[in-house]
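The next block holds one structure in the form of structure tokens; read it before the comments.
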Amino acid sequence: MAQTSATASDELAIGLSSFGPVEEVAERARYERDWSGDHVGRARVVVRPRSTAEVQEVVRRCAAMRVPIIPQGGHTGLVGGGTPADSGREVVVSLERMNRIRGIDAAGFSMVADAGCILAAVQDAARAHDLYFPLSLSAEGSCQIGGNIATNAGGINVLRYGMTRELVLGLEVVLPDGRLFEGLGGLRKDNTGYDLKQLFIGAEGTLGIVTAASLKLHPRPTQVETALLGLPSLASAVGLFAQARRDMGDLLSAFELMPRACIELALEVATDLRDPFDPAPVYILLEASTGGLVELRPILERFLERAMEAGHVLDGAVAASTTQARDFWRLREALIEAQVRRGRHLRTDVSIPISAIPAFIERTEAALLATAPECLPLAYGHLGDGNIHLNVVPPLGLLPEQADPFLQRCEAIVFAELDRLGGSISAEHGIGTKKRAAFLARKPALQLDLMRRLKRALDPDDLMNPGRILEPAMPKGSS
């Protein structure tokens, strides 16, 4: 295939000119660089179809010319899954103009939304009907529901509501040959053979383009309690979680871990906030919610009394208002911004047994500091579902040409400790291109064989997001 970018003489570009192409160089850059800035490529063409039928036509034309396609949502991923390669061969198909809520069934607690709907807009649409869509993550103001589905996004409410996979009732998907998988029925129970929609959830666009979804909604919580707690140790955090699960059951919706270093870094950015109480080695940001006739506050207070009696909690504060609750959550969000301000850094997204979290963090941080004493390890995340982000901010003064080798060494240390504990290198971000080598080195041979067979069955020409998750197939021709 000729390695050309979109030009007036590009036959394919001309053929796709009615599907919202992005032609200005400055505007195209937004589709060729991800949110982090770590992944940059060059698209042959960037198109923005307005309907499922238009997506089908784009895919048919690309398939006829054997041109690879990169489905793209809000482009907030961190592993290069939606960024074109730098070859200029790939067509980016942005779903951003497909942003309609097709309908809400309030009695059935479900919604059908176009794939390009911003996650926050989906949440707002549910709220307007006194319902709740629980998927929530820091990028919810810009990520799209189709991308959330393609990556099986997690976020802060997985503990109670599950990953995105648990929130999808049905899908509409354009297959690599342009045919349409129509599965938006949205039945809660349909035990008629293989559950085919599950193939596309978490597939990162390698098996087709999600164009719409039937989503599971929940009753809107009428009581929400948020607490920020100071703990003596990581072991106490695990013990506190076990007690919270027993005392509050399914009322517990978030249980976020932030050691002291994370709080200090967040306060560098959120300068209007202050330390909520005397410094503690470890912090837990806890949220519980309910509706109906349950009285939540007494349950939380009794839990906290028992936790302090057991020695799990040194100090803490329960939000007295929605403003104070938001301030607690701003500490968690500011931590992300503070890392970005420090420049390039290692981002990891691992999953380990909850009971092994203290050993994993302590051993990994010790190994990192032994290698680079001036680096800043930051271990935080969703303790309640075993998902920890063990990130590394490089030492000050590290030269640009030293950054990649340094970050690769740090990642190898993190993954080595992870392997000892039987964890996963990706809890929610996915594989993309960034983690492909590590993924292929760790996945059992039989599982890789089944994945490759599935990919070949649905996409024999390897045109749909090639090289993401699995290695790219050898090219069969050129155009």
Side-chain angles (χ1 to χ4, degrees), residues 101 103-113 117-141 143 145 148 153-169 186 188 213-229 240-241 243-256 276 284-307 313 316-333 382-385:
I101 302 293
I104 294 180
D105 179 1
F109 289 87
S110 66
M111 169 197 300
V112 176
C117 287
I118 300 297
L119 174 56
V122 172
Q123 297 167 344
D124 290 344
R127 191 178 302 113
H129 288 75
D130 200 31
L131 297 170
Y132 181 56
F133 185 64
L135 182 63
S136 180
L137 47 146
S138 59
E140 61 193 31
C143 64
I145 194 64
N148 299 146
I156 62 173
N157 289 325
V158 170
L159 173 61
R160 180 170 179 179
Y161 297 99
M163 300 282 281
T164 299
R165 187 181 301 279
E166 312 303 323
L167 302 174
V168 175
L169 296 171
R188 301 285 174 135
S214 178
L215 303 171
K216 184 187 300 182
L217 304 180
H218 293 264
R220 184 179 63 83
T222 56
Q223 302 172 60
V224 179
E225 297 287 354
T226 307
L228 185 64
L229 309 175
L240 182 67
F241 172 68
Q243 183 177 340
R245 287 291 285 162
R246 291 188 176 95
D247 286 358
M248 291 190 286
D250 288 339
L251 302 180
L252 184 65
S253 54
F255 198 90
E256 296 288 304
I284 290 293
L285 178 56
L286 175 154
E287 190 165 275
S289 61
T290 188
L293 303 178
V294 176
E295 290 293 333
L296 179 58
R297 189 60 177 254
I299 295 173
L300 177 65
E301 290 174 347
R302 179 60 181 141
F303 156 70
L304 291 175
E305 288 174 7
R306 287 163 50 85
V313 175
V318 178
S321 65
T322 54
T323 298
Q324 190 175 18
R326 281 197 297 268
D327 285 347
F328 288 168
W329 279 107
R330 280 178 59 204
L331 287 170
R332 174 67 168 84
E333 294 158 4
H382 321 305
L383 183 145
D385 55 46

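Starting from 1, each residue takes its place in the sequence as its number.
Taking OG1 of Thr226 as the start and CZ of Phe328 as the end, the distance is 8.0 Å to the nearest 0.5 Å. The structure places CG of Leu304 at 6.0 Å from CG of Leu229, a figure rounded to the nearest 0.5 Å. Taking OG1 from Thr290 and CD from Glu225, the interatomic distance works out to 11.0 Å, rounded to the nearest 0.5 Å. Note that CD of Glu287 is 13.0 Å distant from CZ of Phe255, once rounded to the nearest 0.5 Å. In this structure, CD1 on Ile104 lies 4.5 Å from NE2 on His129, to the nearest 0.5 angstrom. Put simply, CD1 on Ile156 and CG on Leu285 are 8.0 Å apart, with the number rounded to the nearest 0.5 Å.
The side chain to side chain contact (heavy atoms under 4.5 Å, CB included) search around Ser321 returns Thr323, Gln324, not counting sequence neighbours. In terms of the side chain to side chain contact (heavy atoms under 4.5 Å, CB included) criterion, residue partners of Gln123 (sequence neighbours excluded) are, by chain and number, Leu119, Ala120, Arg127, Ser136, Glu140.
Using a 4.5 Å heavy-atom cutoff, the side chains of Phe303 and Leu251 are not in contact. Residues Arg306 and Asp247 are in side-chain contact: their nearest non-hydrogen atoms beyond the backbone lie under 4.5 Å apart.
Under the side chain to side chain donor-acceptor pair (under 3.5 Å) criterion, the residue pairs touching residues 154-167 are Tyr132-Asn157, Arg160-Ser289, Arg165-Gln198, with sequence neighbours excluded.
Here the closest heavy-atom approach between residue Gly155 and residue Leu137 is recorded as CA-CB, 4.2 Å. Of all non-hydrogen atoms in Arg297 and Ala319, the two that sit nearest each other are NH1-O, 4.2 Å. Closest heavy-atom contact between Pro134 and Leu167: CG-CD2, 3.8 Å. Here the closest non-hydrogen pair linking Leu159 and Ser253 is CB-O, 3.9 Å. Minimum interatomic distance between Leu131 and Ala106 (heavy atoms only, all atoms of both residues): CD1-CA, 3.8 Å. The two atoms that bring Ala126 and Phe133 nearest to each other are CB-N, 3.9 Å, heavy atoms only.
Surrounding CG of Asp250 are at most 12 heavy atoms belonging to other residues, nucleotides or ligands under 6.0 Å away.
A donor-acceptor pair is defined here as one N or O able to donate and one able to accept, closer than 3.5 Å; such a pair exists between the side chain of Gln223 and the backbone of Val294.
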Decide salt bridge (Lys or Arg N to Asp or Glu O under 4.0 Å) for Glu305 and Arg302; before the verdict, give the C-alpha distance in whole Å, the side-chain angles of both, and the deciding distance to 0.1 Å. CA-CA 5 Å; Glu305 288 174 7; Arg302 179 60 181 141; 3.4 Å; yes
Decide yes or no on side-chain contact (heavy atoms from CB on, under 4.5 Å) for Ile284 and Val313, but give the supporting numbers first. CA-CA 9 Å; Ile284 290 293; Val313 175; over 6 Å; no
Is there a side-chain contact (heavy atoms from CB on, under 4.5 Å) between Met111 and Ile145? Walk through the geometry before answering. CA-CA 12 Å; Met111 169 197 300; Ile145 194 64; over 6 Å; no
